[in-house]
There are 2 protein chains.
Amino acid sequence: MTTRRTGLREQKKQATRQALRAAALRLALERGPDNVRVDDIAEAAGVSPRTYNNYFSSREQAIVAAVTGEREARVAAAVADRPGGVGLADAVIEAIVDQYTAPGEPGQDALLLITTRPALRDAFIDTTAAIEHPLTDAIAERLGDGAGAGDGDGDGERDPHTARVLAASVAAAVRVALEHWLRTTAASVTAGGLVVPSGSLPDLLRATLAPLAPALDAAEQRALRRRRR
Amino acid sequence: MTTRRTGLREQKKQATRQALRAAALRLALERGPDNVRVDDIAEAAGVSPRTYNNYFSSREQAIVAAVTGEREARVAAAVADRPGGVGLADAVIEAIVDQYTAPGEPGQDALLLITTRPALRDAFIDTTAAIEHPLTDAIAERLGDGAGAGDGDGDGERDPHTARVLAASVAAAVRVALEHWLRTTAASVTAGGLVVPSGSLPDLLRATLAPLAPALDAAEQRALRRRRR
DNA sequence: CAAGAATTGTGCGTGTGCGCAAATTTGCGT
DNA sequence: ACGCAAATTTGCGCACACGCACAATTCTTG
């Protein structure tokens, strides 16, 4: 009811997407990421090279997607699941910290690979942009834009901008945090010789998102006041 | 003392960059943007195609750069020039409105061309990312991070994150505003048949940036309080 | 003023992104 | 069960982004 449009189509689609991600990561780990052609990935996944490009627009995207998974959807769900009692800022910040802290499946070697190669780091950072639209919907929901089931792109809401701006700002802040994290960890890797998994990524995320808390809470107060009217 | 590093080198560099921008826009206007190969642009600017790619990584970037110019530097300068009396939020918002309202040189036909073609619209939207770093420096300056002349990437400041996050958020908000503006104007163009230059872009920018004002002012208050200590 | 260092323009080759149109698969109505 | 419409895959082809090695020009230092 939520995401299935026809059932079998979407299922097969996700299957091939999954196969491509897995193949890309596996090959990138076996040989270096520079010794992997897109033809190899396509062949390993059992599809045509052209089909591969229908799913991912770059080789790095596929590799990174194997690690990030469906983080964007999980973030949105996490925001929606927080009880209404906590403030919007806390809800958003903690939801993000949760989703970016839970290592889930990513093997440490995959993360090392990503932090090492610049192209992969960039692709990993670009991933944060994907959380913007789901997060927009989640925030709009919490702000109580009562105007129906528009999926975020319609112009029917009371204030179309606030949710979008806040979501975009949060995504940008997360990107800033990841950039900083990748820079420092990369530096420490170069210096120490052994990988330092993190300088406490949760704390860094909280510190980076903190400046946005006033904006989030102010928007929530505005929404409450307007709704009460 | 500000931007010149060696003098003649930078001068020639800006000259070729300018030549490439101008050639790209001129050719894109004469023929359609789809009938312009990068070889043509390079030839019109008198450089090799390879050199062209040293300056712009896509054909659309070059065309759009002819219109946007050095907007990023002007935004930063505008923020820095506001008197210290006005709040940070007002300073940033009005500076941005000024720079995005002043049409400057862009001919209306060039703007029409950009709003029409999707690829050019995307490139135009991506331009907003460029204001992030200059804006970071300007905001950091206003927040009075007293720790020396670091150009924004050093870690020597008191709070390295706030300025970066705020600048990134502002850039993201501007991007949201431009996306909305381009969508609606494109729709009205399709509907009306004649181009509608804007539905008051300044007001749209102000409305889109408004949700960030609490964050900007809160950061300023924090900085003041910390500095007084 | 001369030699060295650094930066920029250039040619070449490779891998890749993507538009287009035909072929195949899937969903749905009857 | 069958056929029509929509969506997806695939092959083809072209233009392009980018790494690498090298030549030319400019800045620096003795």
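Numbered from 1 within each chain, the chains take letters A, B, ... in sequence-line order.
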**From B:Arg17 atom CZ to B:Lys12 atom NZ, the distance as rounded to the nearest 0.5 Å** = 15.5 Å

**Prompt:** Checking B:Thr127 side chain against B:Phe124 main chain: does a donor-acceptor pair fall under 3.5 Å?
**Reply:** yes

**Message:** Can you tell me if A:Lys13 touches the phosphate of D:dT8, counting only side-chain N or O atoms and a distance under 4.0 Å to OP1 or OP2?
**Reply:** yes

**Message:** Closer than 4.0 angstrom, basic N to acidic O: yes or no for B:Arg117 and B:Asp34?
**Reply:** yes

**Fill in**
A:Glu10 CD to C:dG27 P, in whole Å, measures 11 Å

**Asked** Is a side-chain N or O of A:Thr115 found less than 3.5 angstrom from the main chain of A:Leu112, in a donor-acceptor match?
**Response** yes

**Message:** Looking at C:dT26, I'd like to know if its phosphate oxygens (OP1 or OP2) sit under 4.0 Å from a side-chain N or O belonging to A:Lys12.
**Reply:** yes

**Asked** Do NZ/NE/NH1/NH2 and the carboxylate oxygens of B:Arg26 and B:Glu30 come within less than 4.0 Å?
**Response** yes

**Nearest-Å distance for atom pair CD/P, residues B:Gln14 and D:dT26** = 17 Å

**Message:** Distance alone, cut at 3.5 Å: any donor-acceptor contact between the side chains of A:Gln99 and A:Arg71?
**Reply:** no

**Message:** Counting only heavy atoms and a strict 4.0 angstrom limit, can you tell me which residues of residues 54-65 of chain B come near DNA chain D?
**Reply:** B:Ser57, B:Ser58, B:Arg59

**Message:** Taking CD in B:Glu141 as the centre, count heavy atoms belonging to other residues, nucleotides or ligands within less than 6.0 Å. Is the count above 12?
**Reply:** no

**Request:** Using heavy atoms and a sub-4.0 Å distance, could you list which residues of residues 38-53 of chain B are near DNA chain D? By number, please.
**Result:** B:Val38, B:Arg50, B:Asn53

**Prompt:** Side-chain donor or acceptor of B:Arg37 under 3.5 Å from a matching atom on the base of D:dA15?
**Reply:** no

**Message:** Rounded to whole Å, how long is the line connecting atom CG of A:Asp34 with atom C1' of D:dC20?
**Reply:** 14 Å

**Message:** Assess, by modelled atom type and distance only, whether the side chains of A:Ser57 and A:Gln61 contain a donor and an acceptor separated by less than 3.5 Å.
**Reply:** yes

**Item:** Spacing between B:Gln11 atom CD and D:dT25 atom C1', to the nearest angstrom
**Value:** 15 Å

